[in-house]
Amino acid sequence: MYGLCFFVTLFGSYVSRLRRVICASYYPSREQERISYLYNILLSRRTNLLAALHRSVRRRAADQGHRSALLVLASR
C-alpha cells in the first residue's frame, strides 16, 4: 500500500503528461486549441503583471516623501 502511494506521488505528474501526449496524438485539433488557450492566458498574465508593476512604481514614487514609523525602525 505504501509503495503504491509512493509511486503515485512520484510519478503522478508524469502520468498526466503522458496522458496529454496520447490524447494530443488522437485529437490534434483539440491540442492546438488547448495550446492557443494557454498561450493567451500567459499573455494576459504578463500584461497584468506589467500593469501591476507600473502601479507599484507609481505608488512608491508618490510615497517617497512620506515615511512611516515602521520604515524608520526597519532602516535602523
Side-chain angles (χ1 to χ4, degrees):
M1 186 63 127
Y2 287 123
L4 179 65
C5 290
F6 185 70
F7 179 79
V8 169
T9 302
L10 287 180
F11 297 107
S13 61
Y14 296 112
V15 170
S16 65
R17 288 181 186 181
L18 180 64
R19 184 181 63 217
R20 188 197 55 79
V21 168
I22 292 170
C23 289
S25 68
Y26 283 108
Y27 303 104
S29 62
R30 293 188 91 183
E31 180 67 14
Q32 188 62 38
E33 288 177 26
R34 179 183 163 279
I35 290 171
S36 63
Y37 171 74
L38 292 174
Y39 180 73
N40 288 331
I41 286 177
L42 284 174
L43 284 180
S44 69
R45 284 184 184 169
R46 285 181 188 167
T47 57
N48 291 341
L49 181 65
L50 189 61
L53 182 63
H54 283 289
R55 280 193 304 269
S56 174
V57 167
R58 276 188 264 136
R59 263 190 247 130
R60 276 203 182 157
D63 290 340
Q64 281 295 337
H66 309 303
R67 295 191 65 168
S68 68
L70 184 62
L71 289 175
V72 171
L73 290 175
S75 67
R76 291 183 183 197

Query raised in the report: Hey, what else clusters with Tyr2 if you join Ile, Leu, Val, Met, Phe, Trp, Tyr whenever side-chain heavy atoms sit under 4.5 Å?
Result: none
Side-chain donor-acceptor contacts of residues 6-25 below 3.5 Å, not counting sequence neighbours, with atom names and distances?
unit_1, atom_1, unit_2, atom_2, d
Thr9, OG1, Cys5, O, 2.7
Ser16, OG, Ser13, O, 2.7
Arg20, NH1, Glu31, OE2, 2.7
Ser25, OG, Ile22, O, 2.6

Query - Connected-component partners of Leu43 among ILVMFWY, side-chain separation under 4.5 Å - result: Tyr39
